[in-house]
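Contents: one structure, followed by commentary.
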Amino acid sequence: MACMSDAPLRLYLVDGSGFIFRAFHALPPLTRKSDGLPIGAVSGFCNMLWKLLVDMKAQPDSPTHLAVVFDHSEKTFRNKIYPEYKAHRPPAPEDLVPQFPLVREATRAFGVHALEQPGFEADDLIAAYARQVREAGGQVTIISSDKDLMQLVGDRVTMLDTMKNVRIGPDQVVEKFGVLPDKVVEVQALCGDPVDNVPGAPGIGVKTAALLINEYGDLETLLARAGEIRQDKRRQILLEFADQIRLSRQLVQLDDQAPLPSALEELAVADPDPDALAAFLQEMELNTLGRRVAGAHLAAKAQAPADQTAAAEPVDVAAYACVRDLPTLDVWIARAQAAGVIAFDTETDALGSATAGLVGVSLAVGPGEACYIPLAHEPEPGLALDAPGDLTQIPLATAIDRLRPLLEDPSILKVAQNAKYDLGVLSRYGVQVSPVEDTMLISYVLEGGLHGHGMDELSRLHLGHSPIPFKQVAGTGKAQKSFRHVALEPATAYAAEDADVTLRLYRVLRPRLRKEGLLTVYETLERPMPPVLAAMENAGVRVDPERLRRLSNDFSVRMGELEAEAHRLAGHPFNLGSPKQVGEVLYGQMGLQSRRTTATGAQGTDASVLEELAAEGHALPRVLLDWRQLSKLKGTYTDALAAAIAPATGRVHTSYALASTTTGRLSSTDPNLQNIPVRTEEGRKIRQAFVAEPGNVLISADYSQIELRLLAHVGDIPQLKDAFARGLDIHAMTASEVFGVPIEGMPAEIRRRAKAINFGIVYGISAFGLAAQLSIPREEAGDYIRTYFERFPGIRAYMDQAKETARRQGYVTTLFGRRVHIPAVQARSQAERAFGDRAAINAPLQGASADIIRRAMIRMPGELAAAGLKTRMLLQVHDELIFEAPEAEAATASEVIRRVMAAAPLPAVALSVPLVVDVRAAANWDDAH
DNA sequence: GCGATCACG
DNA sequence: GACGTACGTGATCGCA
């Protein structure tokens, strides 16, 4: 990063020797594991330097220049004038000697200059650089606590003791030497320094020296007037040792004329080369620091502002064209054809692509070269009279016909941000856009888990540019208007900018896929998804509104009864939907003991708490539980689902998010069809409202225990693999191993516990979590886990390896190469790191499962069509796919589906366990599941 | 806008 | 053995 020429110069000089000796003496004798090389000082040095670099950056006045200064091993000029100087010092400890060159190497690895000069001490170099910066009007900070450097302190020079975190200015110097910095040398000359073997005047210490200097002003005056001193001994010493004192002065006086090994400009602060630094730390086997450094690098990369080349030309929204006639459109289409790679975006009048109407299309053919083609803008109702404006546009059908050849041209690449949306809209207008790339998905592959992948965020991150917010053109809240009613000028700025930014993002991000070894992941797991999901969303699923309405009524009536009962038990009315009021009734009024507090400290009233209270024989908690269940079902499902039926199709069209999870799973919104109730009898009634069209059936196909099977494969656990190969009941098998109970005639409770353990393993088990799940004491849960690890030692190894990988790289990888970044593993707090550890254990399993079902989904439409079937894929629920099939082809379709799903990992990965797929067909989802 | 709660895999 | 605790989601409600 360039530094402004007129910016003030701020130089940090690190006393390297000080760092080394502090590190060496502060740490136990650490050695490199692989060969026993002593590295305690290197380790401490690196940690201190890293901390300094981090702290430094955080400061408002962070330095512009930085260097670490070392003593050179040769004798210095001081030895020439006084051979005994530092002569009494024992040689450096044996295990420190080999570390001196390593420390210099470490300094360079951190991107910092290591300075030394034959014939001079580090302190002289520091003095010389300090002088130069001082004279240039800059500021110097010396990172050291060495008193010999205190003579340099002044207006523009301070010292900083990073270990004790104290600044040393003139006041601190006076405290130490009794004089201001400019007189320190004189005091030192008098009192000498046993550490460096500087003789000084025998019998005179700091106190007396300061007294004398303060009285006489300076050393020469003192020596000249020594005869006046009253105290006999003091007078005699000064007279007798005058030469020795002058010599001492020479020894302690730092040489600020020392030749500089590097010019000041070369010391400009620079970021280290991350690869070189990682290599050095790895070579030294300093893994903890390596992880910390790697984590910081990842974080910095994620926040890195603009790539200079991509952001080269600033975004100018006024320069975009608004295309309103055919000749102009044809010019843009010709430019697009010439470009070969374009970005495009669609504007619509609603959120869901499955129901939204097309309002306009924008194209970008180069950075800054973008246009908007309005197709269905209208005057805002009620405003037509006073602001008619000119809304001449190319008729929608005409424009589509012109654009179709371009959008379907196999030789022209169309880039979109969240392509699924645009493909979904355009396919309803008869355009099958291809080939397509998606900047959102490229970002997801590169940096999933580090940040979101929406266009605004990516633009800020990679282009350093904040696009016009949608709210700015369409308004916000109740006043928000359809894009259809946005005037052409702001619409052009907003829409064309999106295409422009998308193209720029593509140029920045796409090359990284190959460089970072993620091209295959993108091409096989991401890029094919948008058309598949767009088709599923457009298909929607039939939901029986009449059935939902009856359910809703039923729930309402029963909720009313429960509410009345609750009010009677409480003795007064209260809002059952308010956890606060529920808490007041239970814990305040009725005097029950709360057993858990929520994150904010409130007394918890969640289902597990109410269950415990109910089990103690209290009546109200049970009523609350029943009411809550119905309230949830009615509020979140029956009423909301009925409202979500699109009038145009009579079906419910969810929206799948491709880049919202950390693991590669999809998520479903508006409405969420991935959390339709199934666990309770009442809940399943909602599932029964999901039905097939007359003459059709729903087919549900789900992977059986896919994550446990992946654990068996990835962790290479022989017993698990064997059990799956033989088609055994995996939970019963686990139970017999852990509890020593034969599988035959096993009590249901034992199997239930084993099942909970198996789930827990996949989540990165903890005794606390398992205890909560099973309502057993933590100690007992701990015993189960211990036994489990003893029976399946490979699992412990898998977990340790997952954690280690995450800490080292900042991410873990699935079987199919997907990277899941887990920044939490490198957080400050222990708790957060533990969180990251569990995520690191879970992510390869959940992620591989997500990869597998993606592979199946990508192949499915082609395989169904190839089998001559009309069966359509409608929904995905993580390990389950739901299809709608004409009754007559249900059996054939089921077999195609089973085959495609079971073989989905191939040919990329041959699992060492079979994938079992359960397939069922029925008139509604509940019966099919 | 956020926390609590609860629906799913 | 410390840390707070199961992994990953989204919708709704009450309440500031």
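Scope of the values below: all heavy atoms of this structure, side chains included, with no hydrogens, waters or symmetry mates. Throughout, protein chains are lettered first and strands after them, A, B, ... in sequence-line order, and every chain is numbered starting at 1.
Counting any heavy atom pair closer than 4.0 Å across all strands shown, A/A834 reaches a base atom. A/A756 comes within contact range of at least one nucleobase, with a heavy-atom separation under 4.0 Å. Among the protein residues, A/F759 comes within range of no part of the nucleic acid, since none of its heavy atoms lies under 4.0 Å from any strand. At a threshold of 4.0 angstrom between heavy atoms, the contacts of A/R778 include nucleobase atoms, whether or not backbone atoms are also involved. Note on A/N575: only backbone sugar-phosphate atoms sit closer than 4.0 angstrom, heavy atoms only; bases stay farther off. Nucleic acid contact for A/T669: sugar-phosphate only, since backbone atoms but no base atoms lie under 4.0 Å from a heavy atom of the residue. Using a 4.0 Å heavy-atom distance criterion, A/S660 is classed as a sugar-phosphate-only contact.
Evaluation of the salt bridge (Lys or Arg N to Asp or Glu O under 4.0 Å) rule for A/E616 yields A/R595 as partners, not counting sequence neighbours. Applying the salt bridge (Lys or Arg N to Asp or Glu O under 4.0 Å) criterion to A/R778, with sequence neighbours excluded, gives no partner residue. Under the side chain to side chain contact (heavy atoms under 4.5 Å, CB included) criterion, A/S631 pairs with A/M559, A/W627, sequence neighbours left out. Taking the side chain to side chain donor-acceptor pair (under 3.5 Å) definition, one finds that A/D544 meets it with nothing, sequence neighbours left out. Scanning for salt bridge (Lys or Arg N to Asp or Glu O under 4.0 Å) contacts around A/E584 gives an empty result, with sequence neighbours left out.
Residues A/Y522 and A/Y444 keep their aromatic ring centres 6.0 Å or farther apart.
Atom P of B/dA7 sits at a distance of 34 Å from the matching atom of C/dC3, rounded to the whole Å. For C/dG4 and B/dC6, the P atoms lie 24 Å apart once the distance is rounded to whole Å.
Of the N and O atoms on the side chains of A/Y788 and A/D783, not one donor lies less than 3.5 Å from an acceptor on the other residue. For the residue pair A/S608 / A/E612, no side-chain donor-acceptor distance below 3.5 Å is found, with atom types taken as modelled. Side-chain contact annotation: A/T597 with A/Q603, donor-acceptor N/O pair under 3.5 Å absent. Side-chain contact annotation: A/H453 with A/E447, donor-acceptor N/O pair under 3.5 Å absent.
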(message) Counting Watson-Crick and G-U wobble pairs with both distances under 3.5 Å, what is the dot-bracket string for DNA chain C, 5' to 3', using [ ] for crossing pairs and | for pairs to another strand?
(response) ......|||||||||.

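Under a 3.5 Å cut-off, the side chain of A/Y798 and the backbone N or O of A/I841 do form a donor-acceptor pair. For A/H653 (side chain) and A/N538 (main-chain N/O), a donor-acceptor pair under 3.5 Å exists by modelled atom type. Side-chain atoms of A/R651 never come within 3.5 Å of backbone atoms of A/I645 as a donor-acceptor pair (strictly under, hydrogens ignored). Listed for the A/D606 side chain is a donor-acceptor partner under 3.5 Å among the backbone atoms of A/V609.
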(message) Each nucleotide in nucleotides 4-9 of chain B should get exactly one letter: B, S or -. Can you fill that in based on protein heavy atoms under 4.0 Å?
(response) SSBBBB

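Here chain A contacts DNA chain C (any atom closer than 4.0 Å to a heavy atom, that is under 4.0 Å), and the contacts span C/dA2 to C/dA16 from 5' to 3'.
Annotation: side chain to side chain donor-acceptor pair (under 3.5 Å) contacts involving residues 572-583 of chain A, sequence neighbours excluded, comprise A/H572-A/Q589.
Within residues 557-567 of chain A, no residue is approached by DNA chain C to less than 4.0 Å at the level of any non-hydrogen atom. DNA chain B lies under 4.0 Å from no heavy atom of any residue of residues 779-790 of chain A.
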For residues 843-854 of chain A, which side-chain donor-acceptor pairs fall under 3.5 Å, sequence neighbours excluded?
| residue | atom | partner | partner atom | Å |
| --- | --- | --- | --- | --- |
| A/Q846 | OE1 | A/T663 | OG1 | 2.8 |
| A/Q846 | NE2 | A/N842 | OD1 | 3.1 |
| A/D851 | OD1 | A/R818 | NE | 2.8 |
| A/D851 | OD1 | A/R818 | NH2 | 3.3 |
| A/D851 | OD2 | A/T814 | OG1 | 2.6 |
| A/R854 | NE | A/G664 | O | 3.0 |
| A/R854 | NH1 | A/L525 | O | 3.0 |
| A/R854 | NH1 | A/E526 | OE1 | 2.9 |
| A/R854 | NH1 | A/E526 | OE2 | 3.1 |
| A/R854 | NH2 | A/L658 | O | 3.3 |
| A/R854 | NH2 | A/G664 | O | 3.0 |

